**Q** 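Structure incoming, see below.
Computed from a predicted model, the values in this text were never measured in an experiment.
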Amino acid sequence: CSPMTTRQQERAQAAYECVKDKKKDYGRLCADLPALLRQCGLCQTVTFLQAKNKDGKAHFGEVLTDLGKVAGLGDNVDDISDTVRRVEVGEYQRLSREALRCAEWFSRYAEALLDVKKGEGDDRA
C-alpha cells in the first residue's frame with residue numbers, strides 16, 4: 001500500500017487494468033458480479049464461475065482469475081477455489097467483503113468502458 005493511495009484507489013486501478021481491453025461477454029458477467037456475490041456468497045460464486053469455465057465459457061474463468069488476483073484470493077481458478085473452501089470463518093468473511101468491494105469496481109468499469117448494463121445478456125445460464 002502506497003502512503004499516497006487508498007485501498008479503494010488500488011482496487012479501482014487494478015480493476016481498470018483487468019477490464020479495459022476485454023470483450024462484452026466478460027463485461028456482462030462483471031456487471032452482474034456484485035449481485036451474484038451478495039445473493040450466493042463467495043464460495044458458491046467461485047464454484048459457479050469455475051463450473052462455467054469448465055463448460056467452455058472461458059470468460060467465466062477469466063473473470064474469476066482477475067477477481068482472485070485483485071481481491072487476494074489466488075492466482076488461478078483452482079487456487080481461488082481451494083482458498084475459499086479452506087479458510088477459517090473470520091478470514092472467509094474478510095475475503096468475501098474484499099471480493100465484493102473489488103467486484104463493484106469491475107462492474108463500474110464494465111459499464112463505463114465496455115458499455116454493458118447490469119442484467120444484460122444471459123451469462124448466468
**Q** Would you call Arg7-Glu98 a salt bridge at under 4.0 Å N-O?
**A** yes
**Q** Would you call Lys20 and Glu17 a salt bridge, using N to O less than 4.0 angstrom?
**A**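 Salt bridge present between Lys20 and Glu17.
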**Q** Looking only at non-hydrogen atoms, find the nearest pair between Val19 and Phe106 and report the distance.
**A** CG2-CD2, 3.7 Å
**Q** State which residues pass side-chain contact (heavy atoms from CB on, under 4.5 Å) with Asp115; sequence neighbours excluded, sorted by chain then number.
**A** Lys24, Lys117
**Q** Could you give the distance from SG (Cys30) to CG (Leu114), rounded to the nearest 0.5 Å?
**A** 7.5 Å
**Q** Can Lys118 and Glu111 be said to form a side-chain contact (heavy atoms from CB on, under 4.5 Å), step by step?
**A** CA-CA 8 Å; Lys118 290 178 181 153; Glu111 290 182 55; 3.1 Å; yes
**Q** List the steps, then state whether side-chain contact (heavy atoms from CB on, under 4.5 Å) holds for Leu42 with Leu73.
**A** CA-CA 10 Å; Leu42 180 59; Leu73 303 172; 4.2 Å; yes
**Q** Is there side-chain contact between Asn53 and Leu64, with heavy atoms separated by less than 4.5 Å?
**A**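 The answer is no, as the side chains (C-beta and beyond) never meet within the 4.5 Å cut-off.
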**Q** When rounded to the nearest 0.5 angstrom, what distance separates OG in Ser96 from CZ in Arg101?
**A**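 Going from the OG atom of Ser96 to the CZ atom of Arg101 covers 10.5 Å.
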**Q** Kindly give the heavy-atom pair with the smallest separation between Ala31 and Val116, and that separation in Å.
**A**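 Nearest pair, atom of Ala31 first, then Val116: CB-CG2, 4.0 Å.
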**Q** Taking Asn76 for its side chain and Asp78 for its backbone only, find out whether a donor-acceptor pair lies under 3.5 Å.
**A**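 Pair found, side chain donor or acceptor close to backbone of Asp78.
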**Q** Only counting residues at least two apart or in another chain, list the ones meeting side-chain contact (heavy atoms from CB on, under 4.5 Å) with Lys69.
**A** Thr65, Asp75
**Q** Please name all residues satisfying salt bridge (Lys or Arg N to Asp or Glu O under 4.0 Å) with Arg97, sequence neighbours left out, ordered by chain then number.
**A**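 So Arg97 forms no salt bridge (Lys or Arg N to Asp or Glu O under 4.0 Å) with any residue.
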**Q** Which heavy atom of Ala110 sits nearest to which heavy atom of Gly27, and what is that distance?
**A** CB-O, 3.4 Å
**Q** Any chance you could measure Leu67, atom CG, to Leu29, atom CG, to the nearest 0.5 Å?
**A**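 It is 10.0 Å, given to the nearest 0.5 Å.
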**Q** In chain order, what residues pass the side-chain contact (heavy atoms from CB on, under 4.5 Å) check against Thr45, with sequence neighbours excluded?
**A** Leu33, Leu36, Leu37, Cys40, Leu49
**Q** Could you give the distance from CD (Gln39) to CG (Asp32), rounded to the nearest 0.5 Å?
**A**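 With rounding to 0.5 Å, CD (Gln39) is 9.0 Å from CG (Asp32).
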**Q** Would you give the length of the straight line joining atom NZ of Lys57 to atom CZ of Phe60, rounded to the nearest 0.5 angstrom?
**A** 5.5 Å
**Q** With Tyr109, which residues qualify under ring-ring contact (aromatic ring centres under 6.0 Å, His included), at least two apart?
**A** Tyr16, Trp105
**Q** Report, as yes or no, whether the 6.0 Å neighbourhood of atom CD on Gln44 holds more than 12 heavy atoms from other residues, nucleotides or ligands.
**A** no
**Q** Going from CD on Gln50 to OG on Ser81, what distance comes out if it is rounded to the nearest 0.5 angstrom?
**A**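 The CD atom of Gln50 sits 4.0 Å away from the OG atom of Ser81.
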**Q** Just to verify, what does Ala14 make a side-chain contact (heavy atoms from CB on, under 4.5 Å) with, not counting sequence neighbours?
**A**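 Per chain and number, Ala14 pairs via side-chain contact (heavy atoms from CB on, under 4.5 Å) with Val70.
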**Q** Evaluate Glu104 against Arg38 for salt bridge (charged side-chain N to carboxylate O under 4.0 Å, His left out), listing each step before the verdict.
**A** CA-CA 11 Å; Glu104 287 168 348; Arg38 281 188 201 100; 2.7 Å; yes
**Q** Check whether Thr83 reaches the backbone of Asp79 with its side chain - one donor and one acceptor, N or O, closer than 3.5 Å.
**A** yes
**Q** Taking only Lys NZ, Arg NE, NH1 and NH2, and the carboxylate oxygens of Asp or Glu, determine whether Asp66 and Lys22 approach each other closer than 4.0 Å.
**A**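 Yes, this pair counts.
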**Q** Answer with yes or no whether the side chains of Gln9 and Gln13 bring together a donor and an acceptor at under 3.5 Å.
**A** no
